[in-house]
Amino acid sequence: MSDVDKSAVTQTENVSDKPRRRGCLGHCARFWWAYLIVLVIIVVIVVPVVLLVGVPKIAQQKLDDAQLELDGITVSNTQTQNMTMAINSTIRSDGSVHATIDAFQGVMYLEDKQPNTPFAKIDFPQTNSDAFQTVNVSQFLPIDDVQALTVFNTWLLANESLRVTVLGDTHVRVRGISRDYPVTFKKTVSMPGLNAFTGTVVNQTSISLELDVNGNNFNATAYIPNRSLFDFELGNVTFRNYLFGKEIGTVYIDNLRVRPGMNVYHMRATIEQGPVVDALGRPEYCQGPNKGILPFEISGKSVVNHGQPLSYFADALAAVNQSIPINIGAGIKNSLGIDVPCSNNTGSHS
Ligand SMILES: *[C@@H]1O[C@H](CO)[C@@H](O)[C@H](O)[C@H]1NC(C)=O
Ligand SMILES: *[C@@H]1O[C@H](CO)[C@@H](O)[C@H](O)[C@H]1NC(C)=O
Ligand SMILES: *[C@@H]1O[C@H](CO)[C@@H](O)[C@H](O)[C@H]1NC(C)=O
Ligand SMILES: *[C@@H]1O[C@H](CO)[C@@H](O)[C@H](O)[C@H]1NC(C)=O
Ligand SMILES: *[C@@H]1O[C@H](CO)[C@@H](O)[C@H](O)[C@H]1NC(C)=O
Ligand SMILES: *[C@@H]1O[C@H](CO)[C@@H](O)[C@H](O)[C@H]1NC(C)=O
Ligand SMILES: *[C@@H]1O[C@H](CO)[C@@H](O)[C@H](O)[C@H]1NC(C)=O
Ligand SMILES: *[C@@H]1O[C@H](CO)[C@@H](O)[C@H](O)[C@H]1NC(C)=O
Ligand SMILES: *[C@@H]1O[C@H](CO)[C@@H](O)[C@H](O)[C@H]1NC(C)=O
Ligand SMILES: CC(=O)N[C@H]1CO[C@H](CO)[C@@H](O)[C@@H]1O
């Protein structure tokens, strides 16, 4: 097709160049019909073909080549049936075509989870084809498919990275051409996941074992790392607390909002004392490098934000057991002045 195009252009140039030369007059006059045919071909065939097939193809190609980058996602005002979702993104392209891409509704789904089920519908604004542009949206998001949202949250929580696809149909308008062309916006982006909050630690010198009015016998500062781009409002979160595969208590974190970076929160808990004291007496935990450090595990039990239960977070948090080693031995020593002895070695306790 481009060959036809090129020769057509060359021949039209000849039409305007040659009349100055004397020889052309005769030649041009004799072959006027040939020029007419070329002109007809250009007008009747080439132009429509370029407009109908070429431009949409190029427009789709340019759109496919553009890069979408998600810079930040905030999930707030979380309620049982809806939330507010804000996305800051950047679109990069070569900027060679001057075009406008209509506003459109795009769905988001996990690329690697079959069948691909949308967990959110986002309204993207009109954009242009500038080489670099930021697209920031913030919208009310009704939860249409709580199951799909829960699966997405589970992947976000459990995985080191995950791939999300944004898909939507829209129209593109190229400058100088009056019609709109349908195009499909489809971009898959890879983003870091929370990796089950690996690296969560409890500051051992902050541990208090005083019984409070709610019956909590553990209170400490927790450091929760967020490797992801997500900033989300959870609310009041409770976790089941396990030690050696046995549930021994409940952990509470109030008003939890997980932001990118390190999150520092008070963690309180009601924990059975018997299993903890027994464990501290075991040879592996009563001496040596792991003295006092017990391998606790927690998994989500409930998430309630201003009275609204959020199952899409609670079920995701329940799908993983997150390990948090806690130097409870040091806590007991600081708080109560007691050093739990090795249970079978009375000699070392002096
Ligand atoms: C988006 O950018 C705005 C302006 O810089 C900022 O206030 C907001 O927190 C960002 N939101 C997200 C979701 O990153
Ligand atoms: C959002 O969901 C809550 C229930 O979770 C409902 O009470 C509220 O009316 C909803 N908001 C809107 C604007 O639909
Ligand atoms: C979008 O948010 C980014 C920060 O993430 C900010 O730098 C940019 O100016 C915002 N763009 C618009 C159009 O608001
Ligand atoms: C992400 O995590 C989910 C749930 O743990 C798991 O089933 C899935 O295979 C993981 N996907 C990837 C791509 O790692
Ligand atoms: C741990 O907690 C103690 C007492 O609350 C505090 O003085 C100390 O700065 C904390 N350490 C870190 C690393 O935050
Ligand atoms: C936990 O301890 C902190 C101080 O370290 C205190 O501010 C907070 O009120 C305590 N929480 C409870 C529930 O006792
Ligand atoms: C977490 O550990 C407990 C105790 O070992 C177990 O009963 C539970 O099934 C585990 N949960 C997950 C999601 O692996
Ligand atoms: C402690 O001693 C008892 C009986 O003497 C024994 O059965 C048990 O295995 C010992 N425990 C440890 C942790 O060594
Ligand atoms: C968390 O619980 C406390 C005490 O019950 C309550 O005052 C607070 O409003 C709750 N916070 C949220 C975000 O639901
Ligand atoms: C402690 C930790 O993992 N922090 C990371 C949290 O996420 C941001 C990016 O969103 C990283 O820059 C931090 O290093």
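We count ligands from 1, going down the list as the structure has it; atoms in each ligand are counted the same way. Below, each value reflects all heavy atoms present in this structure, side chains not excepted, and no hydrogens, waters or symmetry copies.
- One option in Leu243, Leu317, Asn321 has a heavy atom closer to atom 1 (C) of ligand 7 than any other, and that option is Asn321.
- For Phe152 and Phe230, the distance between ring centers is under 6.0 angstrom.
- Below 4.0 Å from some heavy atom of Ala86 lie the following atoms of ligand 1, by number and element: 13 (C).
- Proximity annotation for atom 5 (O) of ligand 7: of Ala158, Ala318, Gly245, Gly245 comes nearest, heavy atoms only.
- Ring geometry for Phe124 against Phe104 counts as parallel: the plane angle stays under 30°, on a 0 to 90° scale with 60° as the upper cut.
- For atom 13 (C) of ligand 1, the closest heavy atom belonging to the protein is Thr74 OG1, 3.0 Å.
- In this structure, Met191 CE and Leu229 CG are separated by 6.0 Å, a value rounded to the nearest 0.5 Å.
- Here Gln308 contributes atom CD and Asn77 contributes atom CG; the two are 11.0 Å apart, rounded to the nearest 0.5 Å.
- Taking only non-hydrogen atoms, the option from Val201, Thr205, Val202 nearest to atom 3 (C) of ligand 5 is Thr205.
- Considering backbone and side-chain atoms together, Lys246 places no N or O closer than 3.5 Å to any N or O of ligand 7.
- Using a 4.0 Å heavy-atom cutoff, Thr221 is absent from the residues neighbouring ligand 5.
- Among Leu70, Thr134, Asn88, the residue whose heavy atom sits closest to atom 8 (C) of ligand 1 is Asn88.
- Only the backbone of Ala319 comes within contact range of ligand 7, with a heavy atom under 4.0 Å; no side-chain atom does.
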For this session: Quick one: do Arg268 and Asp212 satisfy salt bridge (charged side-chain N to carboxylate O under 4.0 Å, His left out)? Show the steps, please.
Result: CA-CA 10 Å; Arg268 55 195 171 84; Asp212 72 9; 5.3 Å; no
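- Under the 3.5 Å distance criterion, with hydrogens and angles disregarded, a donor-acceptor pair is assigned to the side chains of Asn305 and Thr78.
- Taking the six-membered ring where the residue is Trp, the centroids of Tyr312 and Phe119 are separated by 6.0 Å or more.
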